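If you're wondering where the values come from, they're calculated on a predicted model, not measured in any experiment. One is the number of the first residue; the rest follow in order along the sequence.
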Amino acid sequence: MDTQPGLLRCYRHPEAETGIRCARCERPICTECMISASVGFQCPECVRGGSGTGHAPDANQPRTLAGGRVAADGRLVTKILMAINLALFIAVQVVGDRLVDDLALIGGAYLPSGELVGVADGEWYRLLTSAFLHQEIPHFLFNMLGLWMIGGIVEPELGRIRYTALCLLSGLSGSALAYLLAPQNQFSLGASGIVYGLIGAWIVLARRRRQDMRPAILFVALNLLITFTRPGISWEAHIGGLVAGVLVTYAMLHAPRARRDLVQYGACALVLLIDLGIVLARSAALT
């Protein structure tokens, strides 16, 4: 694509050309970053420090690409999710397999006593607890590395509330697809569904920013290759999380501004309803 000579580039989004500068600090800002002031436009940092527009400092809150509030710590939710994973990982090392048996995803298995345990027996909490549960150190470290790296890209672009919804729905969708397609007595655990949801979100973000898609596509291809070639991996959880991440993030980034909240949270509700339908249908088949 040809570019016009002499155009500035936004200080927050270097790929975006602009002819607008902040009225206070004179940094170049793109249409996503410019915030209306009493005279001209201001950048998010100047607004955060006090708008100078005659309104309260929070009257013109800077917004993320998806419409969320810009936070000082762009990885806060990611850190909380990692802390939950770490706490459960330590608990598993201390308590042992008993905790894994109680929290891991399993569709329905019969104990020697004849008792049915699993999601089919009403233990729906396993759909979420399994998404934060790890037993082996390499598995835990790999997922935490992915959560930290990709979450650090996605969370600042969506904002905390939308990012939290994305992570929870990705983990839930991965568990729901594993519940539907995997053998009913197969154990499944790990944050891979969430991580793959973030990978899907990263792809949508890169396309929305008109960035070079080759690194993201190569990364996805390598991860899918590992998913389908290594034994013992729940490919269902990976694919479920990836698809949910793409759908939710696309709705969040492409929702019309006038109806942004309605479209965004409506899309989240739709994914949740699909997951619920999958779980109900599978439970009915198993019982």
Before giving the answer on side-chain contact (heavy atoms from CB on, under 4.5 Å), spell out for Leu198 and Ser170 the whole-Å C-alpha distance, their side-chain angles and the decisive distance to 0.1 Å. CA-CA 8 Å; Leu198 294 178; Ser170 297; over 6 Å; no
Can the ring centroids of Tyr196 and His238 be said to lie less than 6.0 angstrom from one another?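 Yes - the distance between ring centres of Tyr196 and His238 falls below the 6.0 Å cut-off.
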In Å, rounded to the nearest 0.5 Å, how long is the span from [atom1] of [X] to [atom2] of [Y]?
X: Cys33; Y: Arg27; atom1: SG; atom2: CZ; value: 10.0 Å
X: Arg162; Y: Thr249; atom1: CZ; atom2: OG1; value: 12.0 Å
X: Leu8; Y: Ile20; atom1: CG; atom2: CD1; value: 10.0 Å
X: Asn223; Y: Ser192; atom1: CG; atom2: OG; value: 9.5 Å

State plainly whether one hydrophobic cluster holds both Val154 and Ile217, where clusters connect Ile, Leu, Val, Met, Phe, Trp and Tyr through side-chain heavy atoms under 4.5 angstrom apart.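 The answer is yes; both residues are in one hydrophobic cluster.
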Are [X] and [Y] close enough that some pair of their side-chain heavy atoms sits under 4.5 Å apart?
X: Trp148; Y: Asn143; value: no
X: Leu276; Y: Leu272; value: no
X: Leu177; Y: Ile239; value: yes
X: His254; Y: Arg208; value: yes
X: Leu65; Y: Leu205; value: yes
X: Met144; Y: His134; value: yes
X: Arg9; Y: Pro28; value: no
X: Arg160; Y: Asp73; value: yes

Could you name each residue pair satisfying salt bridge (Lys or Arg N to Asp or Glu O under 4.0 Å) that touches residues 248-258, not counting sequence neighbours? none
Counting only heavy atoms from other residues, nucleotides and ligands, does the tally under 6.0 Å from [atom1] of [X] exceed 12?
X: Gln211; atom1: CD; result: yes
X: Tyr265; atom1: OH; result: yes
X: Tyr250; atom1: OH; result: no
X: Leu218; atom1: CG; result: yes
X: Leu270; atom1: CG; result: yes

State which residue, out of Asn85, Leu147, Leu169, fulfils the side-chain contact (heavy atoms from CB on, under 4.5 Å) condition with Ile194.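 Output: one option passes, namely Leu147.
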Have a look at Leu88 and tell me which of Thr129, Leu103, Val100 forms a side-chain contact (heavy atoms from CB on, under 4.5 Å) with it. Leu103
Will you find, in the side chains of Glu155 and Thr78, an N or O donor that is under 3.5 Å from an N or O acceptor? yes
Going by atom types alone, do Ser188 and Tyr179 pair a side-chain donor with an acceptor below 3.5 Å? no
Under a 3.5 Å distance rule, please check whether Gln184 uses its side chain to pair with a backbone N or O of Gly107 as donor and acceptor. no
Quick check against the 3.5 Å criterion: does Gln93 have a side-chain atom that pairs as donor or acceptor with the backbone of Gln135?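 Such a contact is found between Gln93 side chain and Gln135 backbone.
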Look at Arg126 together with Asp102 and state whether they make a salt bridge at an N to O cut-off of under 4.0 Å.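 Not counted as a salt bridge, because no side-chain N and carboxylate O are separated by less than 4.0 Å.
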Quick test of your reading of the model: are Arg209 and Glu157 salt-bridged, counting only N-O distances below 4.0 Å? yes
Go through the steps to decide whether Thr18 and Ile29 satisfy the test side-chain contact (heavy atoms from CB on, under 4.5 Å), and finish with yes or no. CA-CA 7 Å; Thr18 181; Ile29 48 178; 5.6 Å; no
Using 30° and 60° as the class limits, which term best fits the ring planes of Phe219 and Trp202: parallel, tilted or perpendicular?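 The rings of Phe219 and Trp202 stand perpendicular, inter-plane angle above 60°.
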Derivation of the side-chain contact (heavy atoms from CB on, under 4.5 Å) call for Val117 and Glu123: CA-CA 8 Å; Val117 297; Glu123 297 174 343; 4.2 Å; yes
